[in-house]
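The next block holds one structure in the form of structure tokens; read it before the comments.
Note on naming: letters A, B, ... go to the chains in the order of the sequence lines (proteins, then strands), and numbering restarts at 1 for each one. Quick caveat, the model's predicted, so the values are computed rather than measured.
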There are 2 protein chains.
Amino acid sequence: MPIWAYDDAMARAATTSDAFNAIAEPQRRDILALLRAGERPVTDLAQELGMSQPRASKHLRVLREVGLVRVREAGKQRLYGLDAQGLRPVHEWVGGFERFWNESFDRLDTYVQDLERTRQED
Amino acid sequence: MPIWAYDDAMARAATTSDAFNAIAEPQRRDILALLRAGERPVTDLAQELGMSQPRASKHLRVLREVGLVRVREAGKQRLYGLDAQGLRPVHEWVGGFERFWNESFDRLDTYVQDLERTRQED
DNA sequence: TCATCGTATGCCCATATCGGCATGCGTCAA
DNA sequence: TTGACGCATGCCGATATGGGCATACGATGA
């Protein structure tokens, strides 16, 4: 249970370290996508996505730990709901490259220089 | 070297499987960010980001394999340049949640229903 | 030709993953 | 109280990671 203590070697960052890591897993993305339609109990999600219940629970745990998802007790069930705010930083970071994927690569150098010149405008 | 052969157990998807996985690593994000300013040789990047050369090379390899970066031979050096197109899908996927992080959570249910009603407009 | 620079890799380590299965546990209904 | 249901966890296995270090390799320059 190392919060973040790496003295020596290191493996990949925990999936629970941040949204970037959490959404690296396709099934977790699927869950989030599904949750846009509203809250859902675990079994429901599992079934809809064709995964075992434990599997769904584990993915939900990760999403919960990075704050992309919320739980609400409802009798026997636990309703999971989306909390997309954590995706905002991701969107912003990736958005920082928007100008680049709109440019063909041949023009990139020129473009970069141009960017450099007009940097103040940002 | 399993391309994608999982018969039994499974670990996390390879970092080289797609952009989502590639950008899950902070240092790789740093590299990409730096590359926006233009092409750079490995040692340069390593130094600027305070990492060893082998480390930089390894991260660049991953970025290369998912197509987020390009290499160009330049004498002894290898110039790495950004190829942001692979980030587009990521941006789009995350963008699909934009409406949600703009809404406070209390209003979410209402919002979802509203979304449901006006779905055609999208 | 040979030394050197710039890189890519291989190998080893410690760790985290994701999956399955079995099981623990709390809630609700008989 | 007892069962059943809904879900969270623990444990194991196979695998990939990211880092360090040493090293192999290609290109250039002396």
Side-chain angles (χ1 to χ4, degrees), chain A residues 1-18 20-31 39-66 69-80, chain B residues 1-18 20-31 39-66 69-80:
Chain A
M1 43 155 73
I3 301 300
W4 203 234
Y6 272 120
D7 291 329
D8 248 80
M10 192 182 348
R12 185 196 280 202
T15 54
T16 58
S17 59
D18 58 36
F20 281 97
N21 280 284
I23 66 171
E25 158 70 55
Q27 307 202 60
R28 253 156 0 219
R29 289 201 294 279
D30 291 342
I31 291 181
E39 295 182 317
R40 293 263 195 132
V42 179
T43 306
D44 229 73
L45 287 168
Q47 193 164 32
E48 183 113 3
L49 296 174
M51 54 175 100
S52 69
Q53 174 269 308
R55 194 151 137 192
S57 278
K58 285 171 183 174
H59 281 312
L60 285 166
R61 176 179 170 70
V62 171
L63 293 171
R64 216 166 53 213
E65 291 188 47
V66 299
V69 136
R70 301 255 190 100
V71 215
R72 187 163 67 83
E73 311 270 334
K76 290 204 271 190
Q77 307 189 142
R78 316 197 81 204
L79 267 20
Y80 279 85
Chain B
M1 43 155 72
I3 299 301
W4 202 235
Y6 274 119
D7 289 330
D8 247 82
M10 192 183 350
R12 185 197 279 201
T15 55
T16 57
S17 58
D18 58 36
F20 281 97
N21 280 283
I23 67 172
E25 158 69 54
Q27 307 203 59
R28 255 160 355 224
R29 290 202 294 279
D30 290 342
I31 291 180
E39 296 182 316
R40 294 264 195 131
V42 179
T43 306
D44 230 71
L45 287 168
Q47 193 164 32
E48 184 113 2
L49 296 174
M51 54 175 98
S52 69
Q53 173 270 309
R55 193 151 137 192
S57 278
K58 284 172 184 174
H59 280 312
L60 285 166
R61 176 179 171 68
V62 171
L63 293 171
R64 214 165 54 213
E65 291 187 49
V66 298
V69 136
R70 301 257 190 100
V71 215
R72 187 164 66 84
E73 311 270 333
K76 291 204 270 189
Q77 307 189 144
R78 317 197 81 204
L79 268 21
Y80 279 85

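Pro41(B) comes within contact range of the sugar-phosphate backbone alone, with a heavy-atom separation under 4.0 Å but no base atom that close. Within the nucleic acid shown, Thr43(B) comes within 4.0 Å of sugar-phosphate atoms alone, with no base atom in reach, counting heavy atoms only.
Phosphate contact (OP1/OP2 of dG18(D), side-chain N/O of Arg28(B), threshold under 4.0 Å): present. The phosphate of dT9(D) has OP1 or OP2 within less than 4.0 Å of a side-chain N or O from Arg61(A). Under 4.0 angstrom from either OP1 or OP2 of dT17(D) there lies no side-chain N or O belonging to His59(B). Contact annotation: Arg64(A) side-chain N/O to dA8(D) OP1/OP2 distance is under 4.0 Å. At dG19(C), one or more side-chain N or O atoms of Arg55(A) fall inside 4.0 Å of OP1 or OP2 (strictly under the cut-off). One finds a side-chain N or O of Ser52(B) lying less than 4.0 angstrom from the OP1 or OP2 phosphate oxygen of dG20(D).
Distance CG (Asn21(A)) to P (dA16(C)): 12 Å, rounded to an integer number of Å. Rounded to whole angstrom, the span from the CG atom of Leu60(B) across to the C1' atom of dT7(C) amounts to 10 Å.
The side-chain contact (heavy atoms from CB on, under 4.5 Å) check on Glu48(A) picks up Leu34(A), Arg40(A), with sequence neighbours excluded.
Tyr80(A) and Arg64(A) form a side-chain donor-acceptor contact under 3.5 Å, judged by distance and modelled atom types alone. Thr43(A) and Gln47(A) are not linked by any side-chain donor-acceptor pair at a separation below 3.5 angstrom, with hydrogens and angles left out of the test.
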Close N or O pairs between protein and nucleotides 28-30 of chain C (under 3.5 Å):
none

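Arg78(A) places no side-chain N or O within 3.5 Å of a backbone atom of Arg72(A) that could act as its donor or acceptor partner. Under the 3.5 Å distance criterion, the side-chain polar atoms of Gln77(B) are left unmatched by any main-chain donor or acceptor of Leu79(B).
Inter-residue side-chain proximity for Ile31(A) and Met51(A) is flagged as met; some heavy-atom pair is nearer than 4.5 Å. A 4.5 Å side-chain heavy-atom check between Arg29(B) and Phe20(A) finds at least one atom pair inside the cut-off.
Checked against dG19(C), dA22(C), dG20(C), the side chain of Lys58(A) finds its nearest nucleotide in dG20(C). Closest contact between the side chain of Tyr80(A) and the listed nucleotides dG18(D), dA8(D), dA8(C) involves dA8(D).
Gln53(B) contributes a side-chain N or O that forms a donor-acceptor pair with the base of dA8(C) under 3.5 Å.
Across all their heavy atoms, Ala56(A) and Val42(A) have their closest contact at CB-CG1, 4.1 Å.
Two end axes, each from the C1' atoms of five base pairs, can be drawn for the helix from dT1(C)-dA30(D) to dA30(C)-dT1(D); they diverge by 10°, to 10 degrees.
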